[in-house]
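Single-structure report; data block below.
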2 protein chains.
Amino acid sequence: MKEASGRRRTVRISDVAAAAGVSKTLVSYALNNRPGVREETRERIVAKARELGWTPSLPARALSVSRAYAIGLVFEKSPEALASDQYYTSLMAGLQSVLSHSRYSLVTEVVESTEAEREAYLRLAHDGRVDGMVIVDLRQDDPRFALVREAGLAFVSLGWPPERTTMPVLVYDESEAITDVVKHLVDQGHRRVAQVVGPQTNAPARLRRELYQKRFREHGIDASRWIESDYTAAGGRAATAALLDADPRPTAIVYSNDLMAVAGMSAAFSRGLRVPTDISIVGWDDITISQYLHPALSTVTQHPFDDGKVAATLLLEAIGGQEFVEPVWMPNPRFVPRESSGPASA
Amino acid sequence: MKEASGRRRTVRISDVAAAAGVSKTLVSYALNNRPGVREETRERIVAKARELGWTPSLPARALSVSRAYAIGLVFEKSPEALASDQYYTSLMAGLQSVLSHSRYSLVTEVVESTEAEREAYLRLAHDGRVDGMVIVDLRQDDPRFALVREAGLAFVSLGWPPERTTMPVLVYDESEAITDVVKHLVDQGHRRVAQVVGPQTNAPARLRRELYQKRFREHGIDASRWIESDYTAAGGRAATAALLDADPRPTAIVYSNDLMAVAGMSAAFSRGLRVPTDISIVGWDDITISQYLHPALSTVTQHPFDDGKVAATLLLEAIGGQEFVEPVWMPNPRFVPRESSGPASA
DNA sequence: GTGGCTCCTTGAACCGGTTCACGGCAAGCT
DNA sequence: AGCTTGCCGTGAACCGGTTCAAGGAGCCAC
C-alpha cells in the first residue's frame, strides 16, 4: 500500500532480465544493438523492456560510460544584453530543435565576467555535466579553446577558432552583405558614413568593422569614423550622440546590431533629425521588431536558428568521434533595405 | 607517458582516502559534514581533498542519492515567439544568477506543441535529469501540475496553480498597474478603448483581460472591444488592423505585450494615423527597446529577472524538503506612461 | 577484570547501468 | 574422434560515490 502511493519504483535493467529469463548483460547488449545476441532473443528482450516501460537511468549510464548526454552553452553577457538580443535565444531554440530528437539535453549558464565564464566551463567539464560545448561570441585570443582542449570536451565553434582543430567550425561570409550595404549608401550619394561597432575584443565584431572600412575606402569614403560600443541600447544611443556632434555630421550610420541602431534613431529623433531624410540608419541582425519600426529599419538578416540547428548536429557528430577538417560555410547574411536608409541629405 | 598526455585521470574519493590513510567511507562523511568524524581527522581529509583537487563526480552522486542537481525549464513556444520576447530570457538569467552559486545547473528545452511539452516533462523526470521544474505561462487546467506530481518532482509555479500545493508559488497583482493605465486613459478623455490580448487558454492572459474589462466598466467604457492574439508581432498587427477598421474607431488600444503594441503602432502608421494624436497605444512588458521607440512606448514594467531569482531560490528550498503554504507576492508591475499615449482625439 | 557505553572508523552492499573475459555448445575441418 | 571456430550467453568487475551495520578502542563503573 505504502509502496504504491510512495515514490514510483522505476524499472531496472535487472527487472527486464528477470522477466525475459536472461542475464542483465544480455539485456544491455540487446537494447544497445550490440552483436552477439540471437535475433529472436533480442526481439523478446526488447518486447519485454517495452512492456515494462523500461528507460535507461541517465546517471547510471553516465557513470559507466563517462558520458553526460548533454551539451553546454555559456553566455558571458549581462542579463540585460542577453535578453535584448534575439540572436542568442534563436540560437538556443535552433540547438534544441535538434537535441529534442536525440537523448541529449542543453545545459545553459549565464555569467557576467570572463572569470565566472572560466569557472562555469571548468565546472561543467569537471562535474561531467556535459560532453561538449557550443562556443559563441568569439573573442581575441579566446581562452575558451584552451579550456575545452584541456578538459577533453568536444565543441563546435561559431566563428573561426584561433587554432587548428578537428572539431566542427561554423563560419559565414559577411563581406557580401557589407558590400551591398555600402553600395546602397554610396548609390544614394552618401559620402560621410560612420560606424557604431561592437566590443573590439570580440573577434567577429572586429572583422565586421574592418570589412566595412575596406569597402568605404574603396569608394573613397573616410573610414576612420567609428565608435566602439557594447551592443546595448544605452551604448548605441551614447555613441550616436557623439557621432552627431561632429561638425560635418555623417549622413549615414551603420550599426553592428539592431538594438544600437534603434537607440541611434531615437538619439537622432530627439535632436529633431528625420530618418532617413536627414540621416540614414542601417542595423545588423534583423530582429523581429525591426520591420515594424517607423521607419522600418534597414538591416542585415542572419540565421541564428539555422546556425543552432547545424551547430547541434555537428556537435553531436563530434561527440560521436567524427573529425572535421573543413569549416562549414553557412548561408551568408543578407542586406535588407527598408525605410531607414535613403538619399543623402545635402 | 601515454597516460599523462591522454585522458586526464580524475581524482576519485578513494584516492583521497588512500592519501589521507583512511577509508573512503570516512572521506565521504568528512566531506559531507556528517557527524561521527573526529574534528582533527576531518580537517586532515578536507585538506588532502583540496590538495588533490578532488570534486565529486556528479553522475556517481546522482546515481547513489537519486538526485540530478539540476532544474528544468521548458518553453512551449515557437522559437520566433521565444526569441522576440525578452521576458523569458530575463527569467532565465535570473534563475542562473542563483544557480551559479549552488551546484545546480539549468536544463532548458524549447518545444512547439503541448504534446512535445508533455514528452519533455516525462523525459526530464524519467531520466532523472532534473530535481525540479520551473513552471511558467500557466494555462487553463494546466496539465503540467499533474505531470510533476506524478513524477514526484519539486516545482515552482509562476502564477496561481490550479490545485493546492506545498510547493512554492510566485504571484503578483496586476490590478494596480491596470487601474493606473485605465485612469491615465480616462483622464485624457478616452472613451473608446480596445484590447489586444494574449491567448485566452493562458490563465494570466485571461485574468489580465478581465481586470482591464472590470476597470473599463467602472468608468462606463464599453469593455467588449477586445481581440485575442498570440503575442507575436504579426498577430498584433493583424488584430490592430481589425480594430482600426471599426467605424467609430477606438481612440486607444492596450496590448498584452510590447511586441504586439509595436506592431500595432506600425499598423496605425501605415494608415496615416499619428500616435498618440490619433490613437494612443499602451503595451505591457517594457522591453528594452520600448523607451527608444519613436514615440516611446507607454507600457507596464515587470521584473522577470527578479522573478527568476526568487523562483530559483525557492525551488532549491523546495527540493531540500521545505514546504510552502503561502504564495510569495512579488513586487507589482508598474505603469510607465511615455509618449505613445496622450489626449484622446476628437 | 569484566560488562557496557560512547566515539570513531571501516568493510561491504548498493545505486543501475556497461563491458571484459570466459564457458558451453554445435558446426566445420582434418 | 579430436580440434578449432563462431555464436550465444553469463558472472563478475567496474564507474564513483553514499550508507548501513558492525567492529575496535578507550573509558568508566561495578
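Below, chain A is the first sequence line, B the second, and so on; all start at residue 1.
For A:Ala116, the side chain to side chain contact (heavy atoms under 4.5 Å, CB included) test picks out A:Val111, A:Ser113, with sequence neighbours left out. Checked against ring pair (Phe, Tyr, Trp, His ring centres under 6.0 Å), A:Tyr87 has no partners two or more places apart in sequence or in another chain. B:Tyr104 is linked by a ring pair (Phe, Tyr, Trp, His ring centres under 6.0 Å) to B:Tyr69, counting only residues two or more places apart in sequence or in another chain. Partners of B:Phe145 by ring pair (Phe, Tyr, Trp, His ring centres under 6.0 Å), not counting sequence neighbours, listed by chain and number: B:Phe155.
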Show me, pair by pair, the donor-acceptor contacts under 3.5 angstrom made by side chains of residues 22-36 of chain A, not counting sequence neighbours?
{"residue": "A:Ser23", "atom": "OG", "partner": "A:Leu26", "partner atom": "N", "Å": "3.3"}
{"residue": "A:Asn32", "atom": "OD1", "partner": "A:Arg61", "partner atom": "NH2", "Å": "3.3"}
{"residue": "A:Asn32", "atom": "ND2", "partner": "A:Ser28", "partner atom": "O", "Å": "3.0"}

Show me the side-chain donor-acceptor pairs of residues 158-170 of chain A shorter than 3.5 Å, one per line, residues at least two apart or across chains.
{"residue": "A:Glu163", "atom": "OE1", "partner": "A:Arg149", "partner atom": "NH2", "Å": "3.3"}
{"residue": "A:Glu163", "atom": "OE2", "partner": "A:Arg149", "partner atom": "NE", "Å": "3.0"}
{"residue": "A:Glu163", "atom": "OE2", "partner": "A:Arg149", "partner atom": "NH2", "Å": "3.4"}
{"residue": "A:Thr165", "atom": "OG1", "partner": "A:Met167", "partner atom": "N", "Å": "2.8"}

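Side-chain atoms of A:Ser100 and B:Glu109 form no donor-acceptor pair, as typed in the model, at a separation below 3.5 Å.
The distance between atom CG of B:Leu63 and atom P of C:dC15, rounded to the nearest whole Å, is 9 Å. Regarding A:Glu40, its CD atom lies at a distance of 11 Å from the P atom of D:dC8, rounded to whole Å. With rounding to whole Å, A:Leu58 atom CG is found 14 Å from C:dC15 atom C1'. For the pair B:Arg12 CZ and D:dT18 C1', the interatomic distance rounds to 17 Å; values are reported in whole Å. Across the protein-nucleic acid pair, B:Arg67 atom CZ and D:dT19 atom C1' stand 16 Å apart, rounded to whole Å.
The side chain of B:Ala60 approaches D:dG16 more closely than any other nucleotide in the set C:dC8, C:dT19, D:dG16.
Between D:dG16 and B:Arg61, no contact under 4.0 Å exists linking OP1 or OP2 to a side-chain N or O. One finds a side-chain N or O of B:Thr41 lying less than 4.0 angstrom from the OP1 or OP2 phosphate oxygen of C:dT9. Taking only side-chain nitrogens and oxygens, B:Arg38 comes nearer than 4.0 Å to OP1 or OP2 of C:dT9.
Each end of the helix from C:dG1-D:dC30 to C:dT30-D:dA1 yields a helix axis from five base pairs, and these two axes differ in direction by 70° (to the nearest 10 degrees).
Pairs of residues two or more places apart, or lying in two chains, that qualify as salt bridge (charged side-chain N to carboxylate O under 4.0 Å, His left out) and include a residue from residues 44-60 of chain B are B:Lys48-B:Glu51.
Counting non-hydrogen atoms under 4.0 angstrom, A:Ser14 reaches nothing in the nucleic acid.
Contact check on B:Asp137 versus B:Lys77 returns a salt bridge, with a Lys/Arg side-chain nitrogen under 4.0 Å from an Asp/Glu carboxylate oxygen. A salt bridge is absent between B:Arg144 and B:Glu76: the closest approach of a Lys/Arg side-chain nitrogen to an acidic carboxylate oxygen does not fall below 4.0 angstrom.
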Close N/O contacts between protein and nucleotides 4-6 of chain C (under 3.5 Å):
none

Detail all sub-3.5 Å separations between protein N/O atoms and N/O atoms belonging to nucleotides 22-28 of chain D.
none

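Between B:Arg67 and A:Pro59, the closest side-chain pair of non-hydrogen atoms is not below 4.5 Å. Put simply, the side chain of B:Trp329 reaches to within 4.5 Å of the side chain of B:Val171, judged on heavy atoms. At a threshold of 4.5 Å between non-hydrogen side-chain atoms, the residues A:Leu315 and A:Leu95 do not count as touching. At least one side-chain heavy atom of B:Leu314 sits under 4.5 Å from a side-chain heavy atom of B:Phe324.
Under a 3.5 Å cut-off, the side chain of A:Gln96 and the backbone N or O of B:Thr108 do form a donor-acceptor pair.
Shown for residues 45-55 of chain B: residues whose heavy atoms fall under 4.0 angstrom of DNA chain D, namely B:Trp54, B:Thr55. Contact check of residues 20-35 of chain A against DNA chain C (heavy atom, cut-off under 4.0 Å) returns A:Lys24, A:Thr25, A:Ser28, A:Tyr29, A:Asn32, A:Arg34.
Atom OG in B:Ser78 sits 10.5 Å away from atom CG in B:Asp85 (nearest 0.5 Å).
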